[in-house]
Protein chains: 2
Amino acid sequence: MGSAPGSGYADQVVRPSPAEDRELHGQVALLLSTRDQRYTAQRRQIVRALAKLGRPATIGELVEAANGVPLSTAYRNLSILGEANVVRRVGGADGFTRFELAEQLSGQHHHHHVVCESCGLVIDAAASPALEAALAETARAIAKANGFDVTEHRLELVGRCTSCRDAAAS
Amino acid sequence: MGSAPGSGYADQVVRPSPAEDRELHGQVALLLSTRDQRYTAQRRQIVRALAKLGRPATIGELVEAANGVPLSTAYRNLSILGEANVVRRVGGADGFTRFELAEQLSGQHHHHHVVCESCGLVIDAAASPALEAALAETARAIAKANGFDVTEHRLELVGRCTSCRDAAAS
DNA sequence: TTCATTTTGAGAATGAATATCACTATAGGA
DNA sequence: TCCTATAGTGATATTCATTCTCAAAATGAA
Ligand SMILES: [Zn+2]
Ligand SMILES: [Zn+2]
Ligand SMILES: [Zn+2]
Ligand SMILES: [Zn+2]
C-alpha cells in the first residue's frame with residue numbers, strides 16, 4: 001500500500017512497479033474513453049511524469065519530466081485529465097498550482113499534504129484514523145451550526161523540509 | 001469568545017462591540033508602529049472592513065466595504081499589514097486570494113475554514129481539542145518519517161453553503 | 001514654514017493560466 | 001488502402017489577478 005514498515009502515517013515517495021504501471025495506464029485509458037477522449041502520447045507522457053514524481057508537481061516540473069511537452073498542451077491536457085478524474089489540482093503554498101494523480105490511481109488512498117514553507121515542496125502524507133474521525137466529527141458540528149454540507153476536506157501540514165533546514169543551518 | 005451557546009465548534013459571524021473595535025485599532029496601531037509604519041486612514045478603512053465582514057474576504061469585497069479604497073492601495077496595504085501580522089492571506093477555493101484579520105486580533109483564536117465549492121464563500125470554524133490533538137499527533141509522525149518539521153497546519157472543510165443548496169433545490 | 005520621509009493612486013508591467021486556430025494525427029467507414 | 005470527419009497539437013495571443021512604478025500628496029519633525 002506504499003507504506004514502509006515503521007513509517008507511521010507519513011509516506012515516502014514510492015515508485016510504481018512495471019505491473020502497477022501497466023495497470024495505471026489501463027485505468028487512465030478507460031477513464032478517458034468513457035468521456036470520448038483518446039489516450040495520446042502527450043497525455044501518456046504527462047501521466048507517466050506524475051507517477052514518476054510521486055508528489056504534487058508544478059507545470060514546470062511536469063513539462064521537464066514529460067520530455068518537453070509544450071506548456072499549452074500540458075495545461076490543456078491536465079485540464080482534460082482533471083475532468084476525467086485522472087488528475088487532481090493541489091493548491092500550492094506558493095502561488096503555483098500543482099497536479100497529482102487521483103487518489104485511486106496513485107496507489108495510496110485518501111491522504112493529506114505536507115508543505116515546505118521555504119521551498120514550496122509538497123509531499124503526500126496518509127491520514128490516521130483518529131484524525132479522520134476527528135475531522136468527521138468537526139464536519140458534523142459545522143453542518144449543525146451553519147447548515148454547511150461538508151463533503152470533503154483539505155489539510156496541509158506546513159513546515160520546513162530536511163534540505164531547507166540543513167541549508168538554514170549554515 | 002465569539003461562540004454562541006450551543007453552536008458547537010463552528011462559529012457564526014460576530015460583530016465586534018465598539019470597545020472591542022477600539023481595542024482592535026489600538027493593537028493594529030501598535031503592531032504597525034513597531035515596524036515604523038503609520039496607521040493611515042486607508043489602512044484603518046481596510047482593517048475596519050475586515051472586522052466588519054468577519055470572514056475571509058476577497059479584494060473586491062474589501063474595496064467595496066472599505067469605501068472605495070483604490071485597488072493598488074488595498075493590495076499594497078494588505079501586504080504591509082500582512083508583514084506586520086495584522087492580516088493573514090487565506091488561499092481560496094476558487095482562484096481568489098482572501099484576507100482576514102490575524103487570529104489574535106479577530107477575537108477568535110486558532111481556527112479553520114469552511115469553503116463552499118459552489119460560490120466560494122469562506123467562513124471560520126473553531127477547531128475541537130480532539131481534532132487539534134490528532135493533528136499534533138500526525139505532525140509528530142511526519143517529523144519522524146520524513147524529517148519534515150511541521151509548525152502549523154491549514155485545514156479547509158469543503159462543501160455546500162445553505163444558499164447554494166437552496167438554489168440547487170430548484 | 002521648511003524639508004525629509006512616507007504614503008497614495010492611476011496607470012503600466014508581470015506572469016500563470018486560458019483561449020485561439022491553422023495544422024496534424026487518428027479512427028472508422030467506404 | 002484511401003477518405004473524411006473528428007480529435008488533438010502547439011505556437012501564439014489573450015486574460016486578468018496581482019505587483020510594480022513614480023509623480024504627486026500627506027505627514028511629522030525641526
Ligand atoms: Zn524546503
Ligand atoms: Zn497528494
Ligand atoms: Zn455557496
Ligand atoms: Zn479565518
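From a predicted model like this one, the values you see are computed outputs, not experimental measurements. Here is how names work: the chains are called A, B, and so on, in the same order as the sequence lines, proteins then strands, and each is numbered from 1.
One can place CD1 of I46(A) at 13 Å from P of dG8(D), the figure rounded to the nearest angstrom. When rounded to the nearest whole Å, the span between CG of L62(A) and C1' of dA16(C) equals 14 Å. Atom CZ in F96(B) sits roughly 12 Å away from atom C1' in dT18(D) (whole-Å rounding).
Residue-level contact check: R76(B) touches the bases, meaning some heavy atom is under 4.0 Å from a base atom. Counting any heavy atom pair closer than 4.0 Å across all strands shown, T97(B) reaches sugar-phosphate atoms only and no base atom. Residue T40(A) is in sugar-phosphate contact alone, with no base atom involved, counting any heavy-atom pair closer than 4.0 Å across all strands shown.
For the side chain to side chain contact (heavy atoms under 4.5 Å, CB included) with R160(B), the qualifying choice from D149(A), V150(A), T151(A) is D149(A), the only one to do so. The residue from R55(B), H113(B), H112(B) that alone fulfils the side chain to side chain donor-acceptor pair (under 3.5 Å) condition with D124(B) is H113(B).
Of all non-hydrogen atoms in R89(B) and T97(B), the two that sit nearest each other are CG-CG2, 3.9 Å.
Between Y39(A) and H25(A), the ring-plane angle classifies as tilted under the 30° and 60° cut-offs.
Contact check, N77(B) against dT8(C): a side-chain N or O comes under 4.0 Å of OP1 or OP2.
Minimum atom distance to the side chain of R38(A) is reached by dA27(C), of the listed dG9(C), dA27(C), dT7(C).
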